[in-house]
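In what follows, a structure is listed as structure tokens, so that the remarks can point back to it.
In listed order, ligands and their atoms are each counted from 1. Please read all numbers here as calculations on a predicted model, not as lab measurements.
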Amino acid sequence: MVRNIVVLGGNSHPRMTENVCNFLGIPACDRILSKFSGGESRCEIKDSVRGKDVYIIQSGSGHVNDHLIDLCIMISACKTGSAKRVTAVVPLFPYSRQPDWPYNKAGAPLSRSSESAKKDYTFESVPPTPRPGGPRSVGLSNGVNGLSERLSRSAIAGDGAREANGGDPLPRRSDTVSSIGSNGQGVYPDVSQRSFTTHDYENQTNVNAFRPKPGYKQWVAQAGTLVADLLTCAGADHIITMDLHDPQYQGFFDIPVDNLYGKPLLQNYIQTHIPDYREAVIVSPDAGGAKRATAIADSLNMDFALIHKERRPIKFTDHRNASMMLVGDIANRVCILVDDLADTANTITRAAKLLKREGATRVYALITHGVFSGDAISRVNASAIDRIIVTNSVPQEEHRRLCPKLEVLDISPVFAEAIRRVHHGESISVLFQYA
Ligand SMILES: O=P(O)(O)OC[C@H]1O[C@@H](O)[C@H](O)[C@@H]1O
């Protein structure tokens with residue numbers, strides 16, 4: 001039992017608050033956190049925080065914007081309630097991953113959350129990974145070869161082209177059959193009516209909305225700085241988070257940020273759950289995550305391979321689509337994909353398909369933050385991934401119910417210990433070896 005600590009939970013991850021309190025041997029702070037009928041947040045702190053060291057647990061998932069504003073209000077409420085210090089404990093930090101500029105070359109397929117899109121994934125990039133003399137992918141057994149053909153024709157035909165036989169606008173999305181309506185048109189004629197993912201930035205050909213206007217370089221709001229400022233202005237003295245997509249994001253703050261690592265837990269899983277793991281290959285599904293993945297490969301003395309998202313033109317007419325290319329030999333090996341985040345799960349499911357096509361015997365995906373937005377769980381279920389392991393940096397109960405391939409590693413002890421150490425002014429670097 002630690003003294004003078006108050007742990008206050010937001011609404012984003014009640015299980016995490018409960019676990020952390022159990023580890024620390026203290027009850028969670030009593031509070032009301034709800035909404036007024038007009039939609040504004042209502043926050044009342046029912047226990048005294050005067051002179052206390054307060055830790056507010058709120059993760060960046062679900063209703064992210066509501067949770068973010070609730071976090072700001074809770075921080076402010078504690079500060080004005082005379083708390084000595086307020087630390088925001090944010091296992092998955094919101095708005096720390098957005099691209100600062102839309103890609104101006106073509107890329108991955110659109111992803112979306114429509115109910116109608118929950119089957120018939122091909123996991124193909126269009127065109128497929130080029131291999132000298134290599135065969136084209138045959139797609140999954142759920143049969144979308146015709147679509148694959150049609151889409152590759154569309155890629156070659158170029159922007160605005162129409163199919164010779166029907167004259168319909170060509171379909172643009174490549175990974176679900178249901179993206180093509182019965183009239184042959186994409187089901188999302190209006191970009192404003194559907195969810196947006198970072199893949200939309202990559203694939204500007206899907207929607208005219210991403211075509212830059214002549215003479216104007218499109219400006220993308222960089223909310224990361226604003227969010228850092230909001231938390232600091234609200235009164236946060238300290239941030240504890242885990243596996244920031246971009247570790248440099250810590251520099252957006254002028255208060256201390258402790259960025260804990262998921263690596264020791266993931267590493268421990270490999271050592272204890274994957275038979276003959278030293279014969280397996282660690283794979284990064286994109287160049288951005290290579291450092292994270294090689295760190296694990298180096299620690300465990302394992303081989304490493306990289307999937308490179310090729311966004312440059314690979315032939316004259318294929319100027320609009322990204323392919324994934326494997327760098328490294330994984331034939332007849334178990335592959336372990338390592339990434340910080342699965343959001344739409346587009347990246348890892350496409351990577352898994354590529355790995356199986358290149359001869360992988362089994363594919364694991366080890367991910368710190370399993371956001372699984374939209375139809376991601378269905379996508380994972382239908383994919384070539386054999387086992388997917390995530391931490392509970394965001395709630396995983398529902399995902400686990402829907403996905404038999406999913407295993408969850410509990411990070412509450414890491415956060416509880418980080419809180420205890422920060423409270424006592426002890427070093428937290430030992431947690432970087434935690435397993
Ligand atoms: O493909 P989804 O799951 O949407 O997004 C996850 C990917 O996007 C990147 O920022 C992450 O590092 C990860 O590679």
>> Only heavy atoms of D340, strictly under 4.0 Å: list the atoms of ligand 1 that pass.
In response: 11 (C), 12 (O)
> Would H369 and D343 satisfy side-chain hydrogen bond (donor to acceptor under 3.5 Å, both in side chains), going step by step from the backbone distance to the final call?
Replying inline: CA-CA 8 Å; H369 305 296; D343 181 359; over 6 Å; no
> What class does the angle between the rings of Y249 and F253 fall in, given that below 30° is parallel, 30 to 60° is tilted and above 60° is perpendicular?
Replying inline: perpendicular
>> With a heavy-atom distance limit of 4.0 Å, tell me whether D343 approaches ligand 1 through its side chain, its backbone, both, or neither.
In response: both
>> Can you tell me which portion of V371 lies within the under-4.0 Å heavy-atom range of ligand 1? Options are side chain, backbone, both, or neither.
In response: neither
> In ligand 1, which numbered atoms sit nearer than 4.0 Å to a non-hydrogen atom of A342?
Replying inline: 3 (O)
>> Would you say CD of E397 has more than 12 non-hydrogen atoms from neighbouring residues, nucleotides or ligands within 6.0 angstrom?
In response: yes
>> Any carboxylate oxygen within less than 4.0 angstrom of a Lys/Arg side-chain nitrogen, looking at R15 and D410?
In response: no
> Does a donor on one side chain and an acceptor on the other come within less than 3.5 Å for S427 and S429?
Replying inline: yes
>> Quick check on G288 - does any of its heavy atoms sit under 4.0 Å from an atom of ligand 1?
In response: no
